[in-house]
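Have a look at the structure below, then the notes.
Worth saying up front: this structure is predicted, and the values here are computed from it rather than measured.
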Amino acid sequence: MGSHRRLAPSGFDRGSTAAVGLLSVAAALLGAVPAAAAPHDDRRAEVDRLHTEAEQATEAYNKADARTDALREQVTTAQESIARQQERVNTMRDALGSLAGAQYRSGGIDPSLALLLSAEPDDYLDRASVLDRITTRQAGELRQLQRAMRDLAQDRAEAARKLTELEKGRKAVAAHKKTVERKLAKARALLAALPDDERAAYQRGSRSGREDLTALAGAAAPAPASGRAAAAFAAARSALGKPYVWGANGPSGFDCSGLTQWAYAQAGVGIPRTSQAQSGAGQRVSLAEARPGDLVAYRDDASHIGMYAGNGQVIHAPYPGAPVRYDPVGMMPVSSITRV
């Protein structure tokens with residue numbers, strides 16, 4: 001029975017062993033690369049997430065701010081109307097007071113008129129027994145005063161309600177502003193912690209790997225769909241290089257919906273302040289039908305918006321630290337394209 005003995009490794013075996021060893025080392029080294037890069041990747045992803053959330057909070061801020069502005073105008077209008085109504089009531093009271101004086105001089109004041117001048121008339125005319133004490137003209141004047149005072153009271157109550165709503169709106173605006181500022185401050189801190197080359201690469205085109213702007217200059221783009229779209233597109237191009245400033249709608253800085261609103265305002269067209277409302281401010285078209293000046297909304301919640309520039313590009317205000325610029329239309333998921 002032959003004995004079992006351990007054979008010395010052949011050249012092939014030795015090579016295999018060495019190769020396995022080298023592969024193990026290589027695998028370990030390769031495995032270490034993602035581990036080393038992961039913190040930076042995580043930071044870039046976190047910056048993207050914070051910018052997205054800040055954009056959504058900015059949308060809420062703009063919506064609350066626009067609502068507050070509208071309420072402020074309504075309150076101002078209501079207060080002006082109340083002042084006019086109060087003046088009318090005072091004039092009617094003065095007229096009835098003159099009538100009371102004339103009655104007194106002619107032999108005594110009518111008790112019904114005396115009651116009017118010393119108390120509110122709301123319940124007074126409901127008492128049928130009083131009506132036979134005053135003339136038809138007096139009754140008509142009393143009814144007019146009664147209606148005027150009732151309208152005045154209702155308008156005052158409505159103005160008070162709107163003032164309460166306005167104050168709530170102001171608080172909502174302040175809360176959204178703090179949310180945006182907090183997220184943007186955190187994003188800035190994360191960007192500052194990246195190595196210089198990675199930070200520069202992120203700022204050049206973190207969402208898109210955009211092409212150089214000169215690449216677009218010689219390309220033939222389709223014509224805008226209308227004169228107003230052409231004027232708005234020209235205005236948007238004039239804003240290239242202007243800084244992103246959240247909550248701003250020009251002319252020195254813009255957030256995403258502020259840029260598109262300002263551009264259309266230069267064309268004499270008013271569109272809503274928020275990107276969500278802008279996405280519904282015209283006719284929906286497909287990407288294949290898009291023309292310069294059309295509005296391109298992004299994400300399911302339409303929390304970002306830009307203006308189509310032709311040749312698969314948009315002009316938009318990307319995020320803080322990135323100026324108004326061209327980017328590929330597919331930089332983010334497109335939710336709608338609107339022709340104003």
For Ala277 and Pro272 the tightest heavy-atom approach is CB-CB, 3.3 Å
Shared hydrophobic cluster, Val245 / Ile305 (ILVMFWY, side-chain heavy atoms < 4.5 Å)
no
Would you give the length of the straight line joining atom OG1 of Thr76 to atom NZ of Lys162, rounded to the nearest 0.5 angstrom?
11.0 Å
Determine, stepwise, if the pair Ile337 / Tyr308 fulfils side chain to side chain contact (heavy atoms under 4.5 Å, CB included).
CA-CA 9 Å; Ile337 299 174; Tyr308 191 66; 5.8 Å; no
Between Arg325 and Gln313, a side-chain donor and acceptor under 3.5 Å
no
Side chain of Gln261, backbone of Gly270: donor and acceptor closer than 3.5 Å?
no
For Leu190 and Leu50 the tightest heavy-atom approach is CD1-CD1, 3.7 Å
Any Lys/Arg nitrogen of Glu46 or Lys186 sitting under 4.0 Å from an Asp/Glu carboxylate oxygen of the other?
yes
If we ignore hydrogens and angles and just use 3.5 Å, is the side chain of Ser81 paired with the main-chain N or O of Thr77 as donor and acceptor?
no
In Å, rounded to the nearest 0.5 Å, how long is the span from CG of Asp294 to CZ of Phe233?
10.5 Å
Between Leu259 and Asn249, is there a side-chain heavy-atom distance shorter than 4.5 Å?
no
Does the pair Arg72/Asp69 count as a salt bridge with the N-to-O cut at 4.0 Å?
yes
Over all atoms of both residues, closest heavy-atom pair of Gln85 and Asp155
OE1-OD2, 2.6 Å
Within the distance-only criterion (no hydrogens, no angle test), does the side chain of Lys242 pair as donor or acceptor with the backbone N or O of Pro251 below 3.5 angstrom?
yes
Take Val285 and Thr338 through the side chain to side chain contact (heavy atoms under 4.5 Å, CB included) test and state the conclusion after the steps.
CA-CA 6 Å; Val285 297; Thr338 302; over 6 Å; no
Do Gln276 and Ser303 have side-chain N/O donor and acceptor atoms under 3.5 Å apart?
no
If you round to the nearest 0.5 Å, how far is CD1 of Ile271 from CG of Leu295?
5.5 Å
Close side-chain approach of Pro323 to Leu240, heavy-atom, < 4.5 Å:
no
Nearest 0.5 Å please: distance from the CD1 atom of Ile315 over to the CG atom of Asp327.
10.5 Å
Take Arg339 and Glu289, measure what salt bridge (charged side-chain N to carboxylate O under 4.0 Å, His left out) needs, and give me the verdict at the end.
CA-CA 10 Å; Arg339 181 161 297 158; Glu289 298 170 312; over 6 Å; no
Would Trp246 and Glu181 count as a side chain to side chain contact (heavy atoms under 4.5 Å, CB included) if you check the C-alpha gap in whole Å, the side-chain angles of each, and the deciding distance to 0.1 Å?
CA-CA 9 Å; Trp246 76 265; Glu181 289 174 337; 3.8 Å; yes
Specify whether His304 and Tyr298 have parallel, tilted or perpendicular ring planes, treating 30° as the upper limit for parallel and 60° as the lower limit for perpendicular.
tilted
Any non-hydrogen side-chain atom of Cys256 less than 4.5 Å from a side-chain atom of His316?
no
Which pair of heavy atoms, one from Trp262 and one from Ala239, lies closest together, and at what distance?
CZ3-CB, 4.2 Å
Show, in sequence, the C-alpha distance, side-chain angles and deciding distance for Arg299 and Ser335, and conclude whether the side chain to side chain contact (heavy atoms under 4.5 Å, CB included) test is met.
CA-CA 6 Å; Arg299 307 191 192 99; Ser335 60; 5.9 Å; no
If you round to the nearest 0.5 Å, how far is OH of Tyr326 from CG of Asn311?
10.0 Å
Do Glu158 and Arg161 sit within salt-bridge range, that is, some charged N less than 4.0 Å from a carboxylate O?
yes
Which heavy atom in Gly253 sits nearest to a heavy atom in Ala248, and how many Å separate them?
O-CB, 3.5 Å
Tell me whether Tyr264 contacts the main-chain N or O of Val340 through its side chain, where contact means a donor paired with an acceptor under 3.5 Å.
no
Lys/Arg-Asp/Glu bridge criterion (N-O < 4.0 Å) met for Arg273, Asp255
yes
Could you report the tightest heavy-atom contact between Ser279 and Ser336, atom names first, then the distance?
CB-OG, 3.7 Å
Got a second to check how far Asp301's CG is from Ser275's OG, nearest 0.5 Å?
7.5 Å
